[in-house]
Each structure stands twice: as C-alpha cells, then as structure tokens.
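Right, one structure below, let's go through it.
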Amino acid sequence: MASDSTNKLKARLPRGLKDRGPAELAATRAMLDKIREVFERYGFEAIETPAIEYTEALGKFLPDHDQPNEGVFSFQDDDKQWLSLRYDLTAPLARYVAENFDKLPKPYRSYRYGWVFRNEKPGPGRFRQFMQFDADTVGAASAAADAEICMMAADTMERLGIPRGSYVIKVNNRKVLDGVLEAIGLGGDEQLRQRLTVLRAIDKLDRLGPGGVRALLGAGRKDESGDFTKGAGLAKEQIELVIKYVLARGHGTRNSGGMIEMLGKRALSFISAIDNKPAGGSQTDNRQTLANLRAEFGLNATANEGLDELQQIAELAGAADYKEDRILIEPSVVRGLEYYTGPVYETELTFEVKDDEGRPVRFGSVAGGGRYDGLIARFRGEAVPATGFSIGVSRLMTALQHLGKVDSKPETGPVVVLVLDRERIGDYQKMAAELRMADVRAELYLGDSGMKAQMRYADKRGSPCVVIQGSDERAKGEVQIKDLIEGAKAAEAIASNKEWRETRPAQFSVPEAKLVEAVREVLDRHGIARH
RNA sequence: GCAGCUGUAGCUCAGUUGGUUAGAGCGCCUGACUGUGGAUUAGGAGGUCGGUGGUUCGAAUCCACCCAGCUGUACCA
C-alpha cells in the first residue's frame with residue numbers, strides 16, 4: 001500500500017463520543033454491580049431491550065413533520081419506516097410492557113441498564129452516547145411505589161460511597177405545578193407556550209437564584225456573555241406568586257439544605273468555600289413546606305391533589321426513617337416537560353468539586369425520574385400507572401471520580417514470562433501455559449526486544465512478577481522469579497546502579513518444578529486474586 | 001442553536017512588531033553501566049504549528065470560512 005503521508009487517514013472519534021480504557025471499564029463494572037445489588041434487594045428484576053426502536057414507539061416525531069426530532073439519531077429501514085437509537089430507557093420499557101402486558105405480573109417491577117444516545121451538544125461529563133440505569137414499577141398507582149423509588153435512590157447513592165448529606169433526593173409533583181399555573185391564570189390550552197416558559201424558569205432556581213427566575217418570568221434575562229433569553233412576560237402579581245411558590249420550602253434553619261435560597265451563583269462558590277460541610281443535613285421540614293404550599297395554593301384542586309401525594313410520600317419515607325436529609329420536598333423541581341404526570345424526583349450531589357484548573361464543576365442531577373401514568377396508554381388505550389427513575393451512570397461516574405471514590409489505578413497485569421533464548425520459545429510458552437492451568441494470569445513476551453525492554457514492558461503492564469530463565473538457570477534446572485512490587489519498594493533505597501544490579505532485589509530461584517507454587521506465593525503475598 | 005475564549009511534538013507549554021533548517025521540560029526509543037523495571041549517562045525518533053482558502057517577496061504569526069475543545073446561555077426525553 002502506498003504510504004502517502006499527505007493522504008493519511010486522520011484517526012479521530014466523532015464529537016461527544018469517548019473511548020474507555022481498562023481502568024474506567026473496571027470502575028464502571030464495579031458501579032453497575034453495586035447499583036444492581038440495591039435494585040435487586042428491592043425486588044426489581046432484570047430485563048434488556050435493544051438499542052433500536054421504531055421512532056414512533058419513542059414518540060419523537062417532530063410536530064407537523066414526518067421527520068424525527070433532531071436530537072434523536074434516526075434512520076430509515078428498507079421498508080421506509082423510521083428507526084431510532086433509544087435516547088432513554090423509559091420509552092422502550094413502556095413499549096416492552098405494552099407488548100407483553102398479559103404475560104407480566106402486575107405490579108411489574110424491573111430494572112435495566114444500557115447505552116442511550118442523544119444527538120446534542122456534548123459537555124464535560126455529557127456525551128452523545130452514555131449509560132443509564134433504570135428501575136420502574138408499572139401498574140401501581142399508589143404513592144408507596146413512588147416513596148419506594150425515592151428510598152431506593154437514596155440507598156443507591158450510599159451504596160456507591162456517597163455519604164448521607166452529600167446527596168439529596170428532591171421530590172415535587174407536577175400536579176402542584178399545574179395547580180400553581182392555574183392559580184395564576186395560565187390554565188388554558190392557549191397558554192401552553194407561556195406555561196412551558198414558566199416551568200423552565202422555575203426549574204432554573206438552583207442555577208440562577210430567585211433573581212434570575214424573576215427575570216425569566218418577566219421580560220427576560222441577559223447572561224454574562226450578553227445573550228438575552230426572552231421571558232414569560234408575566235404580570236408583577238403573577239411573578240410574585242410564582243416566586244413565593246418556588247421559595248415555599250420550610251426553613252427550619254437558614255441556609256441549610258439550600259444555599260440556593262438567596263444566592264445567585266457567584267455567592268454559591270463563596271458559601272461552599274466557607275461552608276463545605278454537607279448541606280443536606282437540614283432542619284428543613286417537609287411538613288412545613290407542605291403547610292406553606294397548602295396555605296397559598298390549597299384552594300386549587302389540582303394542586304391539592306398533588307400535595308396529598310407529596311404528603312403521602314414524605315410520610316411513608318419518613319416512617320421508614322428516610323427524613324429530610326435524604327428525601328426533601330423541593331417545589332422548584334420540574335424535570336422533563338414531556339410525560340410526567342405526578343410525583344417527580346431528582347437526585348443531586350450537594351458537594352462542590354473543582355476541575356483540573358481549580359474551577360468549580362457543576363454536575364447537576366445525577367439521577368431523576370417520576371410518575372408517567374400516560375406513557376403506556378399510548379400503546380394500550382387504557383391508562384397504566386407507572387413510576388420509575390433513571391441514573392445517569394456516565395455522569396455519576398465522572399462525579400465519583402472527582403470525589404475520589406473511584407479506584408483509578410490500573411488493574412494488576414499478568415505474570416510475564418521473559419523470552420531470553422529465542423529458540424527455546426516453546427519452553428517459555430509451556431511455563432505460561434502451566435501458570436494459566438493454575439488459574440494465574442500469565443503471558444509470554446511477544447515482542448522482539450532485549451531483556452531490559454522486556455522488564456520495562458512487564459513494569460508498564462503492572463505485572464506482579466516476571467519469570468526469568470536464561471542459559472544459566474536452564475543448566476541448573478531452575479527458574480528465577482522477580483517480584484516487581486517488592487523490587488520497586490527496594491529500589492527507593494538503592495542509589496548506585498552497581499548495587500541495584502548486583503543485589504537483584506526481590507528475586508529468587510526455584511527448581512523448574514516449583515514454578516507455579518512460587519508464583520502463587522508471590523501473588524498471595526500481594527493479595528492478588530486468581531482467575 | 002447563540003455568544004465569548006482556545007487549538008504549536010504523546011503530555012504541559014515557549015515562540016519577540018510576519019523573516020532562514022519551529023524550540024524546552026517531561027514522556028518515548030536505542031546504547032553504556034559485562035543477561036534485569038528504578039537511578040546516572042550518551043544518543044535518537046516524533047510537528048506540512050487544527051483544516052482549507054486568501055493577503056504578502058515571505059505566514060505558527062494577518063484575514064475569511066470550516067472543524068474540534070472549553071465557558072456561559074438555550075434545549076434536554
């Protein structure tokens with residue numbers, strides 16, 4: 001093949017996608033195992049659905065178009081039907097349940113994880129392919145199902161090593177939001193656009209603070225880059241009522257649980273700098289929050305229904321001792337605008353982290369979900385109550401890495417059998433085979449460099465030890481085993497090269513027949529598991 | 001999508017008002033230290049300066065467009 005350097009193919013990955021190395025794979029596997037453990041403890045069972053669905057099953061056709069939404073990776077099948085890569089695991093579950101409805105036990109509780117795809121702008125910890133881990137209860141309308149999901153979310157965070165107080169499950173209810181919108185006179189169909197704008201504004205409380213939300217509810221807001229976002233154009237009284245709603249959380253004490261209340265984001269990093277202790281351990285009282293909300297919006301039937309559900313969730317969770325430090329009613333939680341019909345939940349990490357350059361990193365929510373009683377009805381006509389939540393595995397992984405909860409050191413490598421005499425490669429191969437038969441990960445050096453390079457190779461692989469047999473050992477019927485982990489420790493105390501070479505630290509000879517036994521001893525000494 | 005900033009070796013960066021064969025540290029490879037990862041030491045390989053076009057006698061440096069990354073914002077199932 002002609003190697004024309006000007007025509008070389010550039011090795012590159014499309015934006016928003018990522019390769020993952022051995023350390024990250026191992027960390028992900030460990031994380032998935034822990035999540036699975038918790039979910040199964042709650043009685044959820046595993047299923048898996050494919051990554052591709054009919055676009056219509058995902059419900060993502062653009063209004064007034066026969067093309068799917070641009071945020072979704074889509075293509076046409078041979079028969080011209082539109083297919084899409086799934087962008088979450090909830091819509092596929094709805095399809096699965098509808099398709100197998102009569103076979104499944106009800107309530108039906110299942111979990112699943114897998115890659116999902118979104119064709120949108122990537123950011124730190126935000127990719128176009130990422131992993132989610134979902135659990136859902138289908139066919140249970142009771143608030144107990146919602147409460148249990150929230151409790152499980154809390155357990156999962158703790159199982160992953162995030163201490164209580166460093167995360168919080170925020171709960172709200174779409175019915176309450178709808179009631180508030182009705183109360184300010186935005187109930188009608190013709191005000192749909194305005195309603196959405198108001199909901200989006202409410203959702204931004206934790207980022208922009210009350211001032212920013214107020215601006216977005218009114219004329220609009222200009223951000224630091226000078227970009228202007230058009231607001232909802234509400235009247236003053238409407239705005240104040242919404243702000244009242246958004247800040248209705250019961251303040252047992254000031255600034256606990258929600259530094260958010262009075263702060264724009266400039267203040268936020270300041271507060272976290274002086275008060276970096278977990279913010280969730282608050283006196284904020286769910287009962288007080290509910291009382292505040294009932295006082296203001298209790299006359300609205302929709303809101304009241306939602307408040308009843310929130311109260312049940314709080315009471316059920318509280319009865320199991322999941323208090324406000326874990327499950328907190330937060331009126332500003334909105335979640336997606338598409339399909340939630342009742343309670344919504346959002347898991348947030350409450351600690352701050354800095355990136356490599358010392359800038360604070362914002363993770364946003366690492367898990368979320370809610371009740372979607374209408375989703376399965378699209379397939380079946382009758383409403384099927386369902387509630388569930390979804391963990392953003394990839395984003396949570398990024399967060400845990402920042403928190404130092406992820407083991408980022410590479411796995412221990414295999415034992416390497418050095419090749420000193422090229423004609424005797426068969427003998428070396430045999431040694432490697434013997435080790436493998438004894439459940440020891442082992443490999444033959446397959447390159448063609450000298451001994452020094454082979455040692456460096458073993459070092460780089462993270463090998464616990466190497467097996468050496470040159471002509472000297474061969475003549476005596478022995479092999480040398482060099483313990484690289486011990487050797488590295490010994491190296492620190494050795495300054496001269498002469499000494500380094502002559503002492504041959506952590507190296508010993510054994511008869512050929514004892515090879516396996518001796519290697520196993522080295523592995524055991526370092527606590528390295530067999531395979 | 002919109003706005004701002006950034007893009008020079010594998011990594012972190014330097015490169016003076018546009019001026020010869022584009023540099024450093026670390027890393028990598030090879031040799032020495034009489035078959036051994038560290039240390040020391042000698043040498044070496046890596047860059048059409050993100051891409052394409054333009055201005056100029058001359059472009060890493062100036063201009064335009066494109067691509068990618070970061071930050072904010074919008075959207076987020």
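So you know, we letter chains A, B, ... as the sequences are listed, proteins then strands, and number each from 1. Note that these values count all heavy atoms, side chains included, but never hydrogens, waters or copies made by symmetry.
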Check your understanding: Given the P atoms of B/C11 and B/U17, what is the spacing between them in whole Å?
Key -> 28 Å

Check your understanding: Donor-acceptor pair under 3.5 Å: do we get one between A/E473's side chain and the base of B/G35?
Key -> yes

**Study point:** Sidechain N-carboxylate O distance under 4.0 Å for A/K489, A/E486
**Key:** yes

Practice item. Mind calculating the distance between CG (A/L199) and C1' (B/C76) to the nearest angstrom? Key: 14 Å

Review point. So, A/Q469 side chain and A/E478 main chain: donor-acceptor pair closer than 3.5 Å or not?
Key: yes

Point to revise | Nucleotide nearest A/K482 when distance is taken to its side chain, options B/U73, B/G37, B/U30 | key: B/G37

**Study point:** Atom pair distance, as rounded to whole Å: CZ in A/R504 and C1' in B/U36
**Key:** 6 Å

Revision key, fill the gap. Across every strand shown, the nucleotide meeting Watson-Crick or G-U wobble geometry with B/G25 (both distances under 3.5 Å) is B/C11

Exercise for review: Would you indicate which nucleotide in B/U73, B/A77, B/U30 comes nearest to any side-chain atom of A/K121?
Suggested key: B/U73

Revision key, fill the gap. Using Watson-Crick geometry (N1-N3 plus N6-O4 or O6-N4) or G-U wobble (N1-O2, O6-N3), each under 3.5 Å, B/C2 is paired with B/G72

Check your understanding: Among B/A77, B/G37, B/U73, which is the nearest nucleotide to the side chain of A/M455?
Key -> B/G37

Check your understanding: Now, which nucleotide makes the Watson-Crick or G-U wobble pair with B/U40, with each of the two distances under 3.5 Å?
Key -> B/A32

Exercise for review: Please confirm whether any donor atom in the side chain of A/K204 sits under 3.5 Å from an acceptor in the base of B/G72, or the reverse.
Suggested key: no

Exercise for review: Could you check if a side-chain atom of A/V467 sits within less than 4.5 angstrom of a side-chain atom of A/V416, using non-hydrogen atoms only?
Suggested key: no

Exercise for review: Round to a whole Å and report the spacing from NZ of A/K222 to P of B/G4.
Suggested key: 14 Å

Review point. Roughly how far apart, to the nearest Å, are B/C2 and B/C66 at atom P?
Key: 10 Å

Review point. A/Y340 OH to B/C76 C1': how many Å, rounded?
Key: 11 Å

Exercise for review: Would you mind checking if A/R126 and A/E120 are paired as a salt bridge, meaning a charged N to carboxylate O distance below 4.0 Å?
Suggested key: yes

Review point. Side-chain donor or acceptor of A/R456 under 3.5 Å from a matching atom on the base of B/C29?
Key: no

Exercise for review: Measure distances between side-chain N and O atoms of A/R200 and base N and O atoms of B/A74, and say whether any donor-acceptor pair falls under 3.5 Å.
Suggested key: no

Review point. Quick one: do A/R525 and A/D483 make a salt bridge, cutoff under 4.0 Å?
Key: yes

Exercise for review: State whether the distance check finds a donor on one side and an acceptor on the other, under 3.5 Å, for side chain A/Q507 versus base B/U36.
Suggested key: yes

Point to revise | Nearest-Å distance once atom P is located in both B/U20 and B/G15 | key: 16 Å

Check your understanding: To the side chain of A/K460, which of B/C28, B/A77, B/G35 is closest?
Key -> B/C28

Review point. Of the candidate nucleotides B/C75, B/G69, B/G37, which contains the atom at the shortest distance from the side chain of A/A488?
Key: B/G37

Review point. Salt bridge or not for A/D136 and A/R112, using N-O below 4.0 Å?
Key: yes

Check your understanding: NA contact type, A/I468, heavy-atom cut-off 4.0 Å: base, sugar-phosphate, or nothing?
Key -> base

Check your understanding: 5'-most contact on RNA chain B: A/P14 or A/V72, nearest heavy atom basis?
Key -> A/P14

Exercise for review: Answer with base, sugar-phosphate or nothing: what part of the nucleic acid does A/Y457 contact at a heavy-atom distance below 4.0 Å?
Suggested key: nothing

Check your understanding: Looking for any heavy atom pair under 4.0 Å, which part of the strands does A/G71 touch: base, sugar-phosphate only, or nothing?
Key -> base

Exercise for review: Starting from C1' on B/C75, measure out to CZ on A/R126 and report it in whole angstrom.
Suggested key: 8 Å

Point to revise | Interatomic distance where CG belongs to A/D448 and C1' belongs to B/C29 [whole Å] | key: 14 Å

Exercise for review: Scan A/G16 against the nucleic acid and name what it touches under 4.0 Å (heavy atoms): base, sugar-phosphate only, or nothing.
Suggested key: sugar-phosphate

Exercise for review: Please state the P separation for the pair B/A9 and B/C13 - nearest whole angstrom.
Suggested key: 11 Å

Exercise for review: Find the distance A/K230:NZ to B/U73:C1' and express it as a whole number of Å.
Suggested key: 17 Å

Revision key, fill the gap. Ranking B/G37, B/U36, B/U73 by distance to the side chain of A/R207, first place goes to B/U73

Check your understanding: Does any N or O donor sit under 3.5 Å from an N or O acceptor when you compare the side chain of A/K452 with the base of B/U36?
Key -> no

**Study point:** For B/G46, glycosidic torsion class - syn if within 90° of 0, otherwise anti
**Key:** syn

Practice item. Just name whichever nucleotide pairs with B/U17, Watson-Crick or G-U, keeping both distances under 3.5 Å, else none. Key: none

Review point. What integer number of Å spans the P atoms of B/G50 and B/U12?
Key: 14 Å

**Study point:** B/G18 and B/C49, which share atom name C1', separated by this distance in whole Å
**Key:** 14 Å

Check your understanding: Which of these nucleotides, B/U30, B/C75, B/U36, is closest to any side-chain atom of A/M451?
Key -> B/U36

Practice item. For B/U56 and B/C62, measure between their C1' atoms and round to the nearest Å. Key: 10 Å

Point to revise | Identified pairing partner of B/G58, criterion: Watson-Crick or G-U wobble below 3.5 Å | key: none

Practice item. Can you tell me, in whole Å, how much space there is between the P of B/A60 and that of B/G23? Key: 13 Å

Check your understanding: Among the nucleotides B/G37, B/U73, B/U36, which one has an atom lying closest to any side-chain atom of A/W500?
Key -> B/G37

Check your understanding: Counting just side-chain N and O atoms, does A/S449 come under 4.0 Å of either OP1 or OP2 of B/U30?
Key -> yes

Check your understanding: Taking atom P of B/G37 as reference, at what distance in whole Å does atom CD of A/Q454 sit?
Key -> 12 Å

Check your understanding: Can A/F117 and A/Y87 be said to form a ring pair (Phe, Tyr, Trp, His ring centres under 6.0 Å), step by step?
Key -> CA-CA 5 Å; A/F117 305 84; A/Y87 53 80; over 10 Å; no

Check your understanding: Between A/R371 and A/D373, is there a salt bridge with N-O shorter than 4.0 Å?
Key -> yes

Review point. Under a 4.0 Å N-O cut-off, is there an ion pair linking A/R474 with A/D427?
Key: yes

Check your understanding: Are OP1 or OP2 of B/A68 and a side-chain N or O of A/R15 less than 4.0 angstrom apart?
Key -> yes

